[in-house]
Amino acid sequence: MAVLTKDLNIMADEVAPVEHPLAEIQAGQRVKITGHQGGRMLRARLLAMGLNLGREVDVLQNNRGLIIVGINGGRVALGRGISQKILAEPVVRPPE
């Protein structure tokens, strides 16, 4: 029975989505916001900018200090500190 449980854990690790901080995402990629590593003030600030959970955004620019993301035709500039607290996973685009 222990072997079966161990095999299920291996399978679960392979299926799990890959989350990265927004600061590590390359420019030109589309990502889905999956969470954040902060308190309620960070959550309120992100909601005010339109960066709520499940939102898909385009990373337009990722320089050493400044990250610009595209949301609903607009742009939001984020500092390095806040972008390291936002967790995101790449969105797989269907082939054209």
Side-chain angles (χ1 to χ4, degrees):
M1 193 60 136
V3 175
L4 179 61
T5 305
K6 185 176 180 182
D7 291 339
L8 290 175
N9 288 337
I10 292 171
M11 289 174 40
D13 289 341
E14 293 175 7
V15 177
V18 180
E19 288 183 334
H20 296 287
L22 195 58
E24 296 178 5
I25 306 294
Q26 297 292 324
Q29 288 189 345
R30 186 167 184 84
V31 296
K32 178 177 164 182
I33 297 175
T34 58
H36 59 82
Q37 297 174 334
R40 63 181 183 174
M41 294 302 290
L42 175 64
R43 181 179 30 206
R45 190 170 183 186
L46 294 176
L47 286 173
M49 290 187 282
L51 296 171
N52 47 344
L53 296 179
R55 173 70 60 120
E56 291 185 6
V57 298
D58 295 310
V59 179
L60 303 175
Q61 181 179 339
N62 187 350
N63 289 339
R64 291 181 180 214
L66 186 65
I67 294 178
I68 299 176
V69 295
I71 304 172
N72 291 339
R75 295 179 180 193
V76 174
L78 302 168
R80 179 65 55 184
I82 197 168
S83 64
Q84 288 177 340
K85 295 178 181 179
I86 301 171
L87 300 174
E89 65 183 24
V91 173
V92 179
R93 295 180 183 171
E96 294 179 9

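Counting begins at 1 with the first residue of the sequence. Since this is a predicted model, take the numbers as computed values, not measurements.
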State yes or no: do [X] and [Y] share one hydrophobic cluster built from I, L, V, M, F, W and Y residues joined by side-chain heavy-atom distances below 4.5 Å, directly or via other members?
{"X": "L47", "Y": "V69", "value": "no"}
{"X": "I68", "Y": "I71", "value": "no"}
{"X": "I86", "Y": "M49", "value": "yes"}
{"X": "L42", "Y": "L53", "value": "yes"}

- request: Given side chain to side chain contact (heavy atoms under 4.5 Å, CB included), test Q37 with L87 step by step and report yes or no.
  value: CA-CA 8 Å; Q37 297 174 334; L87 300 174; 4.1 Å; yes
Of the non-hydrogen atoms in [X] and [Y], which two are nearest, and what is the gap between them?
{"X": "A77", "Y": "L66", "result": "CB-CD1, 3.8 Å"}
{"X": "P21", "Y": "Q84", "result": "CB-O, 3.6 Å"}
{"X": "N72", "Y": "R55", "result": "ND2-NH1, 2.9 Å"}

message: For L51 and L78: C-alpha separation, side-chain torsions, deciding distance, then whether side chain to side chain contact (heavy atoms under 4.5 Å, CB included) applies.
response: CA-CA 11 Å; L51 296 171; L78 302 168; 4.1 Å; yes
message: Looking at I67, is its backbone amide N or carbonyl O close enough to the side chain of R80 to form a donor-acceptor pair, meaning the two atoms are under 3.5 Å apart?
response: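 Here the side-chain-to-backbone pair does not exist.
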message: Tell me if a side-chain donor or acceptor on N62 pairs with a main-chain N or O of A23 at a distance below 3.5 Å.
response: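 Judged by distance alone, yes, a pair lies under 3.5 Å.
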- prompt: When L46 is tested against each of N52, I33, I82 for side-chain contact (heavy atoms from CB on, under 4.5 Å), which residue passes?
  reply: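 Among N52, I33, I82, the one meeting side-chain contact (heavy atoms from CB on, under 4.5 Å) with L46 is I82.
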task: Decide yes or no on side chain to side chain contact (heavy atoms under 4.5 Å, CB included) for V57 and V76, but give the supporting numbers first.
output: CA-CA 10 Å; V57 298; V76 174; over 6 Å; no
task: Give a yes-or-no answer on whether the side chains of T34 and E19 include a donor-acceptor pair shorter than 3.5 Å.
output: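 Per modelled atom types, T34 and E19 side chains form a pair under 3.5 Å.
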- prompt: Can you tell me how far NE2 of H20 sits from CD of Q29, rounded to the nearest 0.5 angstrom?
  reply: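 It comes to 9.0 Å.
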- prompt: Taking atom CZ of R30 and atom CD of E56, what is their separation to the nearest 0.5 Å?
  reply: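 One gets 4.5 Å once the value is rounded to the nearest 0.5 Å.
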message: Is it the case that over 12 heavy atoms from other parts of the model lie below 6.0 angstrom from the CD atom of E24?
response: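 Counting neighbours around CD of E24, more than 12 heavy atoms of other residues, nucleotides or ligands fall under 6.0 Å, so yes.
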